[in-house]
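Read the structure below first, then the notes.
Proteins get letters first, then strands, A, B, ... in listed order; numbering begins at 1 in each.
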Amino acid sequence: MSSNTKASTPALKKMFDRKTMTDTRVLLIITIAVFLIMYASAVIFLGKGFSKPQTFFNILNENAALIILSCGMSLVMITGGIDISVGQVTALCCMSCAVHLDFHNGSVFTALLISLGIGLAFGLIQGFLIAYLKIQPFIVTLAGMFFAKGMTTIVNATQFNVENEEFKALKATRITVPGMGSVNKAGNYVPAYVEIGVIVALVIVILLFILLRWTKLGRGFYAVGGNNQSANMLGINVTRTKFMAHLLCGFLAGIGGFVYFMHVGSGSPSHASGAEMNAIASSIIGGTMLTGGVGNIVGTLFGVLSLSTIKNIVSSLGLDEAWWTNITIAAMLCIFLLVQSVVLARKNRKKA
Amino acid sequence: MSSNTVKKQTSLAGLAKSVVRKQIFIPIAALLILVLFNLIADPSFFQITLQPNSEGYNVLSGNIISIIDRASELVILAIGMTLVTSASGGQDISVGATIAIAGSVVLRVLCGSNTRPDTLQAPVIVAFIVCCLVSMLFGAFNGTLVAYFKIQPMVATLIMFTAGRSIAAWINNNELPVISDPKFAYYGNFIPGIPIPTPVFITAACLIVIALVLKFTNLRLYSQAVGINPHSSRLNGINPQMIKFITFVILGLCVAVAGFIKVSRLSTINYSVVAKDIEMDAILAVALGGNALGGGKFNMTASVIGAYVIQFLTTTLYKYDVDSAAISAYKAVVVIILVVLSAPIVREKMGEVKKKLFPAKTAKEAA
């Protein structure tokens, strides 16, 4: 991808230059613009809730895990694969941690290790099957999803809240955002806060941004997704790169699982159901193409934000029924896919 | 004489080899393993009895009958899914959601504005036709995205996957209509006087239709050509976009039939639960049939057997009191084992190991 080989300074001027207007950048700009317009119009037309900074931070709080999962998904999608097991792996992590904390009197640290271990194990096995045995990613991760789903019920079939004191303290930890806040009804100033998960998610976004932009491995992801054979001829180890992408995605699912667990504080087989589809949708809205080779972590972040802003707008419009949320998300997905399709057609025309 | 026996042996080995190489071998082998397992564990699994059901008619009952009956929807879906996989090189993940839509349409037409009518508001055939048209419309929507906008099938159908159940709920204003007329239940259960469940007949009809279509039209040839190389098939005068579009419409029709059976079984619908995860099972059926999920050649019989294998596995697991939610874990293990064994790289490696273990035999074969 030419946008990555060139340094992006001076950024703004170059950003809108026709020559450097690559697919990645077009899609990224569209995503960010859509999010800003959507949020701005929500503030103007709906007012009340949306003008408070806390509303924005609540969107982050609720979706910290989804951001992490979507980042992993984007990595895999950039290499041209897909991982639909992440949602159920999250549920499995939650349930295992909850059982470990409450039934086995475990500590929070070992729970974290369990969560990361589960994620790594899934990433390792799925990555091996996909990269080294060359089995279709969809089938492998479909099986992974089924397996995680079944294992969650085998570990524990019912929902329960975790009562571990150490964990409760961690769950209640709030980090105030300096300079942000609002005045509540009683006239007191309430500072805005975020949960630990949000910090974790943002750190991961930054790390992955650096990984994709400035490391050999990250460049390899784009190369492999863009064209398998050329990447091979360039001397990139395609198999290992694909393996690494799936391994990272699994590991991120483990982290996402623990972050989700910190947010909800309970274990349930129905946790994070459909999260994989939300993650795919966020990645697509964020400008990652399923054909591989095109994508951006920052876009994914904005994809998640757009998706959850839409949800909030729909519910604050008074359309409480769940079906409206789904239909709007689907419509949004449809529009973004059509935009991608047009962009791809443009690219193909250029080639020819 | 000794040379004669050697010849016989090699020809036998060759025969075995050609059987193993056949695509249909995978699902049949899986089926045989399951049958064998059940035979050893509990031969009464295969018992079929003629018992009066709740309405007093004598009907066949037994695990085998229930497998063939319950697999109906899956088999019908597998037909469409195989075609879509072959032509577009991807899978439709929205079938479960569109079954909900199809079922919802059937109930809407039959019930009219009343959610609990005493009599049907329209003939069943009208409801069925409307349901077919609506399902084909949604199939056409997916097909348009895939064929004309060139979006990957899995992603294009993600849209309907997300919105489908919501649309289904919206069609009936989020109410759950119930049909009390027993005649409607005939299609999903038993027709009085006939001991075999009706879905079996419907499935048989679908299989005959698709067999005739594949035999007397160019659908098989064209969809395989498009799946293998859309560009060169276009150069040969096939319209790849049209073929992809048609396969999605056919899948829509299959979804309509499956949805019709599904609502007829219960005479009502639950939007969030009906046909849940059936898309995964349908894709598994195609994969189990040894069809390339990346498109191209397909074997319809193998897919259909694959669908029965999956239902067989599910029923077997239920019999051993496996929790319905935990079943997926076992299914996943079975699927992984099957896919790993059929992966070309693994087969190659196994061949090498065999050579190392029996160098003399392979040398003889080579000679």
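- Neither the backbone nor the side chain of B/Y271 comes within contact range of chain A; no heavy atoms are under 4.5 Å apart.
- Looking at A/I135, only its side chain comes within 4.5 Å of chain B, counting heavy atoms on both sides.
- The parts of A/L133 that come within reach of chain B are both its backbone and its side chain, each placing non-hydrogen atoms under 4.5 angstrom from that chain.
- Under the side-chain hydrogen bond (donor to acceptor under 3.5 Å, both in side chains) criterion, B/K319 pairs with B/D42, sequence neighbours left out.
- Heavy atoms of other residues, nucleotides or ligands lying less than 6.0 angstrom from CD of B/E352 number more than 12.
- In this structure, B/Y330 OH and A/F147 CZ are separated by 9.5 Å, a value rounded to the nearest 0.5 Å.
- With values rounded to the nearest 0.5 angstrom, A/M77 atom CE is found 8.5 Å from B/Q152 atom CD.
- Looking at A/I82, the atoms closer than 4.5 Å to chain B (heavy atoms on both sides) all sit in the side chain, from C-beta outward.
- Side-chain atoms of A/S341 do not come within 3.5 Å of backbone N or O of B/I151 as any donor-acceptor pair.
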Exercise for review: Decide side-chain contact (heavy atoms from CB on, under 4.5 Å) for B/L145 and A/L337; before the verdict, give the C-alpha distance in whole Å, the side-chain angles of both, and the deciding distance to 0.1 Å.
Suggested key: CA-CA 9 Å; B/L145 289 180; A/L337 281 172; 5.6 Å; no
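- Between B/S166 and A/I327, the shortest heavy-atom contact is CB-CG1, 3.8 Å.
- Contacts of B/M160 with chain A are absent, with no heavy-atom separation under 4.5 Å from either backbone or side chain.
- Using a 4.5 Å cut-off between heavy atoms, B/F141 touches chain A through its side chain atoms alone.
- Contact count against chain A (heavy-atom pairs under 4.5 Å) is highest for B/A329 among B/A156, B/A168, B/A329.
- Contact of A/M332 with chain B is not made at all, since no heavy-atom distance falls under 4.5 Å.
- Applying a 4.5 Å heavy-atom cutoff, the residues of residues 87-100 of chain B that approach chain A are B/Q91, B/I93.
- Comparing A/G150, A/A143, A/G144 by how many heavy-atom pairs each has under 4.5 Å with chain B, the most go to A/G150.
- No side-chain heavy atom of A/M277 sits under 4.5 Å from any side-chain heavy atom of B/T162.
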Exercise for review: Quick one: do B/F149 and A/V342 satisfy side-chain contact (heavy atoms from CB on, under 4.5 Å)? Show the steps, please.
Suggested key: CA-CA 8 Å; B/F149 288 96; A/V342 170; 5.8 Å; no
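- Inter-residue side-chain proximity for A/L129 and B/I336 is flagged as met; some heavy-atom pair is nearer than 4.5 Å.
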